[in-house]
Amino acid sequence: MLMQTKEQQGLSRSQFPTDFIWGVATSAYQIEGAHDLDGRGPSIWDTFCQEPGKIADGSSGQVACDHYHLWEQDLDLIASLGVGAYRFSISWSRVQPLGHGAWNEAGFAFYERLIQGLVSRGIAVHLTLNHWDLPQALQEQGGWLERQTCEHFVRYAVEVARRFGSRCASVCTHNEPWVIAVLGHELGVFAPGFKSRAKAMLASHHLLLSHGMAVRALRDAGLQTELGIVLNLSPIYPASDSPADVSKARLDDGLVARWYLDPLVKGQYPQDVLDHLGSDAPAFSAEDMRTIAQPLDYLGVNYYTRNFSSTGNPWDVHSTGNEVTDMGWEVYPQGLTELLCRLHQDYAFPRLRVTENGAAFKDVLADGAINDERRESYVREHIRATKAAMEQGVPVDAYFACSLLDNFEWASGYEKRFGLVHVDYQTLKRTPKRSALWYRQFLQG
Ligand code: IFM
């Protein structure tokens, strides 16, 4: 039994509405493994991981947490935490190996088992269609640089919704399109590994367009489930009061946040960002913009840290004296409050959801236990920061801790651990960490 510490006092589940959604999050490529079983086709991450030097420890998601086989014990684990909601993604190439054409029934059967398992345990299903793992066969036809991928995505979305939609509490189209566009197409550090700003911006346009097309098609098909999109967002502050830093912070916010939020809500790209991009801006029509701006039930917010923009020396993350995670990200819970308030004020989505929040720290397994006090404190203080935004009138209705399990952390491989639950990658044994036990105690009220 964990003791209620001083800092914990003043925070309890009862301070949140009774229908507030408490969850944990994962994604397919990070946990499933079984990369070539039962007819699954390769995704761009299978390909990217094979390129030497791309993944810090040379690993891949081939086995990951083997959730494909261990899903039942993982669902029992979720239930044991007292969590009411599970956010996970479907591996597109598992259910449609080429990303178009034939469906893979064995792949759908896995998600059928998973969803039935969640429903029977009373855990709400929050399904993401695209958490970065585009089928490799579509990449070979141009991937997100091709408008045709939007059409394929819509057919995939409608088929998933036809089979599972009525049992889902929510369906999200894309997770963090900025990451796919910029890390995958401009910086080349994520799949598919391109290094071109023009490609990144074109990919971002097609991701947004396919989101709007899919939302429209799902509604036309009669789906009643809540629909949304998930963005990675952080407040971006100027590193100094200098006009140059202030205008850089505004532009950086434009490239990461407003480039996605403005079209989703206002049906237009921000003019200052278009001016800045010049010939790197994508071509788009007025009809595209109308399609992107479909009314949404919620915006998902993935928050981990804040950022600073500087025209001089890069911002030193240690300069504030705040804790810094194993990813090199400053722990700054107030940023979540500020972000949620700003999103509500500027964009007024019907609801905001914290769809990912968590921290990587080096864990020590001692006597079969992981005493991850810093992760516990991180989660607790971000829940408190969420409450602070709600007290200011922001309609937040969900918090998902990320991640349920230690897992494949993309280009960092298995070196960074975000899990509330420790995974021994040799034995695949799961061990709830102190942070998981704290979350359970918090949820038990
Ligand atoms: O693990 C990732 C997740 O897949 C997407 N959002 C950020 C997390 C931490 O890097």
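Whatever order the structure lists them in is the order used to number ligands and atoms, beginning at 1.
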Kindly determine whether Arg163 and Glu159 satisfy salt bridge (charged side-chain N to carboxylate O under 4.0 Å, His left out), including the steps that lead there. CA-CA 6 Å; Arg163 294 172 185 246; Glu159 183 62 15; 2.8 Å; yes
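Gln136 and Thr47 share a side-chain donor-acceptor pair at under 3.5 Å.
A distance-only check finds a donor-acceptor pair linking the side chain of Arg94 to the backbone of Ala34 [under 3.5 Å]. Side-chain atoms of His35 never come within 3.5 Å of backbone atoms of Gly61 as a donor-acceptor pair (strictly under, hydrogens ignored).
For Gln345, the CD atom is loosely surrounded, since the number of other residues' heavy atoms within 6.0 Å does not exceed 12. Heavy-atom contacts from other residues, nucleotides or ligands closer than 6.0 Å to CG of Asn313 number 12 or fewer.
Sorted by chain and number, the residues within 4.0 Å of ligand 1 by heavy atom are Gln30, His131, Trp132, Asn175, Glu176, Tyr304, Trp329, Glu356, Glu409, Trp410, Phe418.
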